[in-house]
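Single-structure report; data block below.
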Amino acid sequence: MSTEVFEMLWSMDRQRVELQIVLQCAPTIAGLKTSNLLIVPRKQEDKVRYVLRQMGLSGYRLVYDRKRVVFLVFNRDMLINYLSTNEVKEFLGKYGYRTEAFGYCLRYFQERYDEYIHSRKDFPHEMGVFLGYPLCDVKGFIENGGDGFKIAGYWKVYDNEDSTLRLFEEFDNIKDEMVRKLSGGCSLKVIVEQQVSEAKVS
């Protein structure tokens, strides 16, 4: 995040749902990333669902954690396509997933994440694939216990660091751009419409 945008945030209502969605999910909104986690106060759950529907994104509630709610915010087609690749299906199968059913996969992941949050059972490391991380990085994290990574940003990177670093920069740039537009009075719906229009032109 640039210094300019960081300073801009101080003059904004950081409890605003649209701003939190941008800060936590900008790459997914822009179609650069399959999914993101979104953590907001429970009282904002209905507003989050309404805003996500307007943007054409899915929000799957993973867990209530204290006074917060944790969503998996995702582009449905992108996530289904990623989870349907042979390598990812094989990987998830080792954790007991029935990979032929997308809805089942989401529910099973939700159950495993809920058990981790509330019962402190093993962390569901397959979360990385549900967040659209490259499988090589998900496996690298598991095999190295989170150590030995080449770079760390939106996730810990174990391979293809140059291209991933460029992707991280894209994520940062799109987040800054969206915060600027929100600060200038644009609604999130308008910002998304602009993104779609720009994508069609390019």
Side-chain angles (χ1 to χ4, degrees), residues 16-40 44-63 69-89 91-92 97-110 112-113 124-138 153-155 157 160 163-179 181-182 186-202:
R16 183 181 172 192
V17 166
E18 291 84 355
L19 179 58
Q20 282 305 313
I21 291 174
V22 163
L23 290 175
Q24 298 180 55
C25 305
T28 299
I29 296 170
L32 298 173
K33 191 171 181 290
T34 304
S35 47
N36 280 101
L37 289 184
L38 174 66
I39 303 171
V40 295
Q44 293 184 335
E45 181 175 357
D46 290 341
K47 179 65 181 290
V48 165
R49 292 186 185 281
Y50 173 75
V51 173
L52 291 177
R53 276 196 303 271
Q54 284 191 316
M55 295 189 300
L57 292 173
S58 299
Y60 190 85
R61 187 184 68 224
L62 293 177
V63 71
V69 56
V70 182
F71 284 97
L72 180 69
V73 174
F74 59 95
N75 178 302
R76 187 177 181 84
D77 290 341
M78 288 176 69
L79 185 56
I80 288 174
N81 288 340
Y82 185 49
L83 297 185
S84 297
T85 62
N86 290 333
E87 296 83 1
V88 171
K89 286 169 68 174
F91 172 78
L92 288 176
Y97 284 81
R98 295 204 313 267
T99 54
E100 70 280 1
F102 177 67
Y104 169 82
C105 283
L106 279 181
R107 285 193 300 276
Y108 188 54
F109 170 58
Q110 186 272 331
R112 284 173 53 78
Y113 187 67
H125 288 295
E126 71 274 17
M127 174 185 279
V129 296
F130 285 92
L131 291 172
Y133 300 169
L135 188 57
C136 59
D137 294 331
V138 177
Y154 286 80
W155 61 84
V157 178
N160 304 316
S163 59
T164 306
L165 189 57
R166 289 193 294 272
L167 187 60
F168 287 172
E169 289 171 356
E170 283 188 70
F171 291 174
D172 287 341
N173 290 339
I174 199 68
K175 184 189 299 183
D176 285 1
E177 179 184 335
M178 289 184 180
V179 170
K181 288 179 177 178
L182 276 180
C186 276
S187 70
L188 192 47
K189 184 178 180 182
V190 168
I191 292 171
V192 171
E193 288 170 352
Q194 291 172 349
Q195 287 286 324
V196 171
S197 297
E198 290 168 7
K200 287 179 178 176
V201 170
S202 59

Closest non-hydrogen atom pair between Phe71 and Gly59, with its separation: CD2-C, 3.9 Å
Kindly give the heavy-atom pair with the smallest separation between Cys186 and Ile191, and that separation in Å. CB-CG1, 3.9 Å
Taking side chain to side chain contact (heavy atoms under 4.5 Å, CB included) as the definition, give me every residue that meets it alongside Asn75, ordered by chain and number, with sequence neighbours left out. Leu57, Asp77, Met78
Find the distance between CG (Asp176) and CE (Met178) and round it off to the nearest 0.5 Å. 11.0 Å
Does a side-chain heavy-atom distance below 4.5 Å link Asp172 with Tyr154? yes
Using side-chain heavy atoms (C-beta onward) and a distance below 4.5 Å, is Arg16 in contact with Leu182? yes
Count the heavy atoms belonging to other residues, nucleotides or ligands that lie under 6.0 Å from OH of Tyr104, then report whether that count exceeds 12. yes
Parallel, tilted or perpendicular, as decided by the 30° and 60° cut-offs, for the rings of Tyr97 and Tyr108: perpendicular
When every non-hydrogen atom of Ile21 is compared with those of Val51, the smallest separation belongs to CD1-CG1, 3.7 Å
Derivation of the side-chain contact (heavy atoms from CB on, under 4.5 Å) call for Met127 and Tyr133: CA-CA 9 Å; Met127 174 185 279; Tyr133 300 169; over 6 Å; no
State, yes or no, whether a side-chain contact exists between Trp155 and Thr164 at a heavy-atom distance under 4.5 Å. yes
State, with a plain yes or no, whether a side-chain heavy atom of Val73 is found less than 4.5 Å away from one of Leu37. no
Side chain proximity check, Gln24 to Asn36, heavy atoms < 4.5 angstrom: no
Thinking salt bridges, do Arg166 and Glu170 make one under a 4.0 Å N-O criterion? no
By ring-ring contact (aromatic ring centres under 6.0 Å, His included) - contacts of Tyr82 (at least two apart): none
Less than 4.5 Å apart, any side-chain heavy atom of Arg76 and any of Tyr60? no
Separation between CG of Leu38 and SG of Cys25, rounded to the nearest 0.5 Å: 4.5 Å
Under the criterion side-chain contact (heavy atoms from CB on, under 4.5 Å), I'd like the reasoning laid out for Val17 against Val40: C-alpha separation, chi angles, the key distance, then a yes or no. CA-CA 8 Å; Val17 166; Val40 295; 5.9 Å; no
Pairwise distance CZ(Phe109) to CG(Leu72) - rounded to 0.5 angstrom: 6.5 Å
Are side-chain heavy atoms of Asn160 and Pro134 found at a separation under 4.5 Å? no
Measuring from atom CZ of Arg61 to atom CG of Leu106, what distance do you get when rounded to the nearest 0.5 angstrom? 13.0 Å
Can you tell me if Ser35 uses its side chain to pair, donor with acceptor, with the backbone of Phe130 under 3.5 Å? yes
If I take atom OH from residue Tyr50 and atom CE from residue Met55, how far apart are they, to the nearest 0.5 angstrom? 12.0 Å
Between Lys33 and Leu131 (side chain of the first, backbone of the second, donor and acceptor by atom type, cut-off under 3.5 Å), is there such a pair? yes
Take Thr99 and Leu83 through the test side-chain contact (heavy atoms from CB on, under 4.5 Å) and record every step on the way to the result. CA-CA 8 Å; Thr99 54; Leu83 297 185; over 6 Å; no
Would a 4.5 Å heavy-atom cut-off, applied to side chains only, mark Gln20 and Leu23 as touching? yes
State the CZ-OG distance between Phe168 and Ser163, to the nearest 0.5 angstrom. 9.5 Å
